> 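Sharing a structure here in structure tokens format.
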Amino acid sequence: MTGPKAGGISAVFYGNAYIMLALTTAMWGGNAIAGKLAIGEVSPMALVVLRWAGVVLLMGVVSRRKVMAEWPVMRERIWFLCALGALGFTLFNGLFYVAAHYTVAINMGILQGGIPVFVLVGALAVYRTPVSAVQAAGVLLTMIGIALIASRGDLERLAALEFNRGDILMVGACALYAGYTVALRKRPNVSGLAMFTIMAGAAFVTAIPLAGIEIYLGQFQWPTPKGWGIVLFVTLFPSFLAQIFFLRGVDLVGPGRAGVWVNLVPIYASVFAVVILGEDFAWFHAAALVFVMGGIALANRTKS
């Protein structure tokens, strides 16, 4: 593991994995806030299309040499990479921003925190990855937390299966992203930046038909001035910089230690939702956060 070559503040920053990982998870937590602020300013699929168009342009500048050098390898798996981009970026973000119209940002952040457990279940289903009793307990705790969010702590609503539409959409989005994550095990042997660039391109292309459907339904909204600011934010921060920072963090400390930082996303999202949006942090949010975070901690334990 080598340190940064450049000197000064930028070198210290780029060589500190923990600063970059903390900023990465803060940006991802801020995506839920952006989804709420986008309501009435830009429609969900317009936001997805413009977001990935911007990322493609930025990544074209940053990684075009890597893409050209590694294209022969990626070309052999191009349809697989396109499917990953559609699943993990287009469909996940589409459901994410639609869900923001029906639920609060706190719920979105906490439910997003359950993705690692969905990944554990997906790995068991697809690869028959062994799951220990402790990890199974972690899955159960996380599911309890998700049930608390979906029912808003009302046992009668839980018994009657009366859930918020936005929360159900968020669970679906998390399941899609978990499927994307599980499929990454079959990724081609190329750099993360080159692969991300191709998947971002696929996300942009596959988002166009969804925007077309939005136009057909009369629900497409071109960004307002505030909407353009939201587009710029989600493009530059949760997508572009967060991805580069996370990849650099993985290079410095490894995927296992870097992945643990993702658990901060629901905490950041909850704090931002209360401070920026003025949302109420109810008792069931606190309970759900404890269950989800505790479940993830158990689920991340390797089998002894």
Side-chain angles (χ1 to χ4, degrees), residues 25 28-40 43-45 47-48 87-122 138-181 210 214 219 234 238 262-296 299:
T25 49
W28 285 340
N31 195 36
I33 311 305
K36 293 296 293 184
L37 293 175
I39 298 174
S43 59
M45 297 312 156
L47 181 55
V48 174
L87 184 69
F89 298 160
T90 306
L91 295 177
F92 169 74
N93 282 289
L95 284 181
F96 188 93
Y97 293 135
V98 172
H101 287 249
Y102 302 101
T103 190
V104 296
I106 294 175
N107 289 22
M108 295 171 69
I110 295 175
L111 291 172
Q112 190 177 357
I115 288 177
V117 170
F118 283 97
V119 172
L120 183 69
V121 174
V139 172
L140 179 60
L141 283 180
T142 301
M143 292 301 106
I144 292 174
I146 291 174
L148 276 171
I149 286 293
S151 66
R152 299 188 178 187
D154 187 341
L155 294 179
E156 292 183 0
R157 179 177 295 177
L158 184 62
L161 298 178
E162 296 178 3
F163 301 137
N164 180 288
R165 183 189 305 178
D167 296 332
I168 298 301
L169 289 173
M170 269 305 301
V171 171
C174 292
L176 287 173
Y177 197 84
Y180 154 80
T181 305
L210 297 180
E214 210 173 50
Q219 298 174 354
V234 299
V262 179
N263 299 342
L264 289 177
V265 171
I267 295 177
Y268 278 123
S270 298
V271 172
F272 293 157
V274 172
V275 174
I276 298 174
L277 300 178
E279 292 184 356
D280 294 327
F281 191 78
W283 70 267
F284 60 85
H285 288 130
L289 197 57
V290 169
F291 278 114
V292 170
M293 298 298 291
I296 291 171

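Source: prediction; values computed, not measured. Counting begins at 1 with the first residue of the sequence.
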> Is there side-chain contact between L47 and V234, with at least one heavy-atom pair below 4.5 Å?
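The answer is yes; the side chains approach within 4.5 Å.
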
> Can you see which heavy atom on G109 is nearest to which on P266, and at what distance?
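What the structure gives for the nearest pair is O-CB, 3.2 Å.
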
> Would you please name every residue forming a side-chain contact (heavy atoms from CB on, under 4.5 Å) with I33, sequence neighbours left out?
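With sequence neighbours excluded, I33 shows a side-chain contact (heavy atoms from CB on, under 4.5 Å) to L37, A105, F272, A273, I276, L277, given in chain and number order.
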
> Restricting to side-chain hydrogen bond (donor to acceptor under 3.5 Å, both in side chains), what partner residues turn up for S270, sequence neighbours left out?
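Testing S270 for side-chain hydrogen bond (donor to acceptor under 3.5 Å, both in side chains), a comparison that skips the adjacent residues, returns none.
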
> If I compare all heavy atoms of M108 with all of M170, which pair ends up nearest, and what's the gap?
O-CE, 3.5 Å

> Only counting residues at least two apart or in another chain, list the ones meeting side-chain contact (heavy atoms from CB on, under 4.5 Å) with V274.
I106, F281

> Return the minimal non-hydrogen interatomic distance between L87 and L91, and the atom names on each side.
O-CB, 3.9 Å

> Looking at Q112 and W28, what are the two nearest heavy atoms and their distance?
OE1-O, 4.4 Å

> Under a 3.5 Å threshold, yes or no: a donor from one side chain and an acceptor from the other, between N31 and Y97?
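Distance-only check passes for N31 and Y97.
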
> Any idea which heavy atoms bring L169 and A99 closest together, and the distance?
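Nearest heavy atoms, L169 then A99: CB-CB, 3.8 Å.
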
> Go through the structure and list residues passing ring pair (Phe, Tyr, Trp, His ring centres under 6.0 Å) with F96, not counting sequence neighbours.
F92

> So, using ring pair (Phe, Tyr, Trp, His ring centres under 6.0 Å) as the criterion, who are the partners of F118 when residues are at least two apart?
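Applying ring pair (Phe, Tyr, Trp, His ring centres under 6.0 Å) to F118 gives none.
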
> Checking E279 now: which residues fulfil side-chain hydrogen bond (donor to acceptor under 3.5 Å, both in side chains) with it, not counting sequence neighbours?
none

> How long is the straight-line distance from OG1 of T90 back to CE of M45, given to the nearest 0.5 Å?
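Reported value, rounded in 0.5 Å steps: 9.5 Å.
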
> Considering non-hydrogen atoms only, spot the tightest contact between S43 and E214 and give its length.
OG-OE1, 2.7 Å

> To the nearest 0.5 angstrom, please state how far the CD1 atom of I168 sits from the CG atom of L111.
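Interatomic distance, I168 CD1 to L111 CG, rounded to 0.5 Å: 9.0 Å.
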
